[in-house]
Amino acid sequence: MVTLKSKYRTQTCAELRKEQAGQTVNLAGWIHRKRDHGGVLFIDLRDNYGITQVVASGNISDELQKVRVESVIQITGEVRWRAPEAINTKLPTGEIEVHTTSWELLSSADVLPFQVADDDNAPEPIRLKYRFLDLRKERLHETILLRSRIIRSIRESMYNMGFTEFQTPILTSSSPEGARDFLVPSRMHPGKFYALPQAPQQFKQLLMVSGFDRYFQIAACFRDEDSRADRSPGEFYQLDLEMSFVEQDQVFEVCEQLFTEVFPKYSDWKLSSAPFERIAFNDAMMFYGSDKPDLRIKQKLANITEIFSNTGFEVFKREIEKKGIISALKWDIESLPSRKFFDDTIEWFKTTSGQGLAYLIFENGEARGSIAKFMNEGEIDAIKSQLNITGLSVVFMGAGAKKTILPAMGQLRVKLGEQFNAVEPNTYHFCWIVDFPMFEEDPETQQICFSHNPFSMPQGGMEALETKHPLEIFAYQYDLVCNGVELSSGAVRNHRPDIMYKAFSIAGYPPEVVDEKFGGMNRAFRYGAPPHAGIAPGIDRIVRMLAQEDNLRKVIAFPMAQSAEDLLMGAPSTVAEKQLRELHIALKLPKEKEKQA
RNA sequence: GGGGUGGUAGUUCAGUUUGGUUAGAACGCUUGCCUGUCACGUAAGAGGUCGCGGGUUCAAGUCCCGUCCACCCCGCCA
C-alpha cells in the first residue's frame, strides 16, 4: 500500500510496531473505546486498517475524556513500547502505544443509536437508517472489503481468459419477458418511458453480433419484484458474460475455471473440482426434489411408483391413477427416533407443503410404521431391494403429482439433512443443472408454453422443433448450483430467426408477436449472427457464499430494506410538482383506505 | 396479493400464560471517584404515550377487535 502521509496522519492505526518506538507520529481515526483511569486515559483509536492504543494523561486526559466514542480525532504523540505484562496479544499493534502530546477534535459524534464497538443486535431498520455506523463494525466492514477483493479476482480471471469488459446502457427499453421493469419517465418524449435493464441480455447478444468475441461486465440489474433473504429487492449485481462460436461446454469450462480460481483465494473449504457434476433438470427434480439441489447431503429421493402399480393401499392407488408418483426418501439411522419425531415431521410436511407423508421403519428386516399394515410382503420386499435397505432405516413416502410432491420431498430431504447432521461441513459442492425442458403444458388450459427462457436454443435445433413432441424437447439452458443455492443461470442463445419463429409458433405465438417483442434482436440476427452462449453468476450470492453470511444485506454496502426502501437516503420519495409537470405526469394515488386494503 | 413471527427506556430483553401497589435488568447516556486498562472498575442520576386506535373491566403492558410497522416464507422473480 502506498503510504499517504498528511497533516492528519503519518501512519494508519494498524502500522505501528516496536521498531517505531521513540518516533513522534500523527494518527487519526474514530474513538473505538475509552478507558478512563482518572489520571490516565486509554483510547482505542480505529480506522479502516486497525486499532492502536492511545494513552493520555494530565490535562489531555481530562479533555479527551469528554469526547464521545465514535468521534473523529487526530493525535500527535510518541510511540512507546509496552511493558511485557501490558502487551495486548489480540492486537497486531499490541506491543506499542502512543502517548499523546497534543490532539484535535476533527468531528464529534452524537449519542449513538446503537453500539459500534459491541454487537447489540439493533433492529435492521435502525441499522439501515444509520448504515454508515453499521458499516464501521468490524464484521460488516471486513465483508465489504472482501467483496471488493472477490470482484477484483473475478475481473482478473475474466481478463486472463481473454474476455473484454464492456459497459451497457442503464436507460434502455422495457423488455418483454421476465420480471417487472423499473420505469423512468422521459422528459423529452412525453408519455414515453425508459426502463432500467433487468439484465444486459440484449446488449451482450448484440455485442456478439457486432463481432466482439468474449464479453463480460459486472452489471447492475434491476427488477421490480419482492425480496427474499437470498434475493435483494430492486437491484443486484451479476457477472454477465457471453461468448461467440461456443457451445454449452465452453461456457461450463469458463465458469469452472473461474470458480475454482476465485473460491480457493477466499476460503479453505473443500471445493468441487472441474468438471462439475451435471444433472439433468428432470433428474434433479426426481432425485433431489429441487432444481438447485444441495449435494452436500448424500441421500437421494427414489421413485418407487412401480412397486405400487397394483397396490391395495387406497391413497397411493388414487394418486397413481391420477398419473402421480410415489417418491421415497430412505435414511439409514443409528438409533430409532421417538414417535414425536415422526409426528413432528409429518406435521411440518403438512404445513409446509400441504401434502401427506407416510413412513416405514425397517429394523432387523421387519417393516413397521404408519402404513405398514396396508402393504403386502411383495411391496415391502421390493422397497427393501430398491432402496437397498440392510440395517436400521426410516423411509418417508409422499404421493402426488410430480410438480407438487417432489419439491415437498426435496424440502424434507434438506430438513432431515440438517436435523441428522448429514450436511457435509466446510464444503462448496457445485453442480450444473442441464437439459431444461423447452416447453411445458399449462396444467389448466393444456396449452403448450415456454417453460423458461424462450430465447434459448432448443437442443436439436429446427429439426427437433419440426419432428419431436414439444414436451420432449430440451433447451440448451443451464444453472450453476452450489450448496443448494442457484448461483447462475445461462443458455446457448437462439441466434436463428427461423428457429425463433418456429419455437414461438409452437407456444402459440404468431410471427408478429416475435417481431413486436423481439424485433431489435431479430433484425440484428438477419445480418450475420455468430452462434453464442453465456451465463450470469450473481455477484451478491457469490460474496454471500464466501463470506458465509445468511443474508444478502450483509454483503452489500447500502442495501434496501425488504420493502424496497432505502432507509438511509429515503428512497423512494415524493418529488416536486415542477418535476412532475416537466415529465407530464399526473398522480392518481389510491385513497388511504384502498392503500391499506 | 397470502401466511408466520415480533413490536415494553437510545439499544437488547424480562414482565403478558393467571389483569391488581410506583413497569424492571443489562449495555449506552449524564455527573463523580480511580495512573496500566484493553468488554477496565466503581458510586449516584436521568431516561417509558408498554407501536397506534377502539373496546371489556372497579382496574389493561397483560384480555378482545381493528390498524400500522419490521423481519421471514409463499405467490412473483431465469
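Just so we're on the same page: letters track the sequence lines, and every chain starts at 1.
- Between A:Leu480 atom CG and B:A78 atom C1' there is a gap of 14 Å when expressed in whole angstrom units.
- If you check B:A78, B:G75, B:A70 against the side chain of A:Ser563, the one that comes closest is B:A70.
- Comparing the C1' positions of B:U11 and B:A70 gives a spacing of 16 Å, expressed to the nearest Å.
- Both distances falling under 3.5 Å, in either a Watson-Crick or a G-U wobble arrangement, occur for no nucleotide opposite B:C50.
- The shortest distance between the side-chain N/O atoms of A:Arg553 and the OP1/OP2 oxygens of B:C72 is below 4.0 Å.
- In this structure, A:Glu440 places its CD atom 13 Å from C1' of B:A78, rounding to the nearest Å.
- Residues from residues 216-228 of chain A with heavy atoms under 4.0 angstrom of RNA chain B, sorted by number: A:Arg223, A:Glu225, A:Asp226, A:Arg228.
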Sort me out a list of protein N/O and nucleotides 42-46 of chain B N/O pairs below 3.5 Å, or just none if empty.
none

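- Nucleotides B:G15 and B:C73 are separated by 30 Å at their C1' atoms, to the nearest Å.
- Ring geometry for A:Phe252 versus A:Trp432: interplanar angle under 30°, hence parallel rather than tilted (30 to 60°).
- Residue A:Asp550 is classed as having no contact, given no heavy-atom separation below 4.0 Å to the nucleic acid.
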Exercise for review: Quick one, give me the B/S/- string for nucleotides 28-40 of chain B, reading 5' to 3', where B means a protein heavy atom under 4.0 Å from the base and S means that only happens at the primed atoms, P, OP1 or OP2.
Suggested key: SSS---BBBBBSB
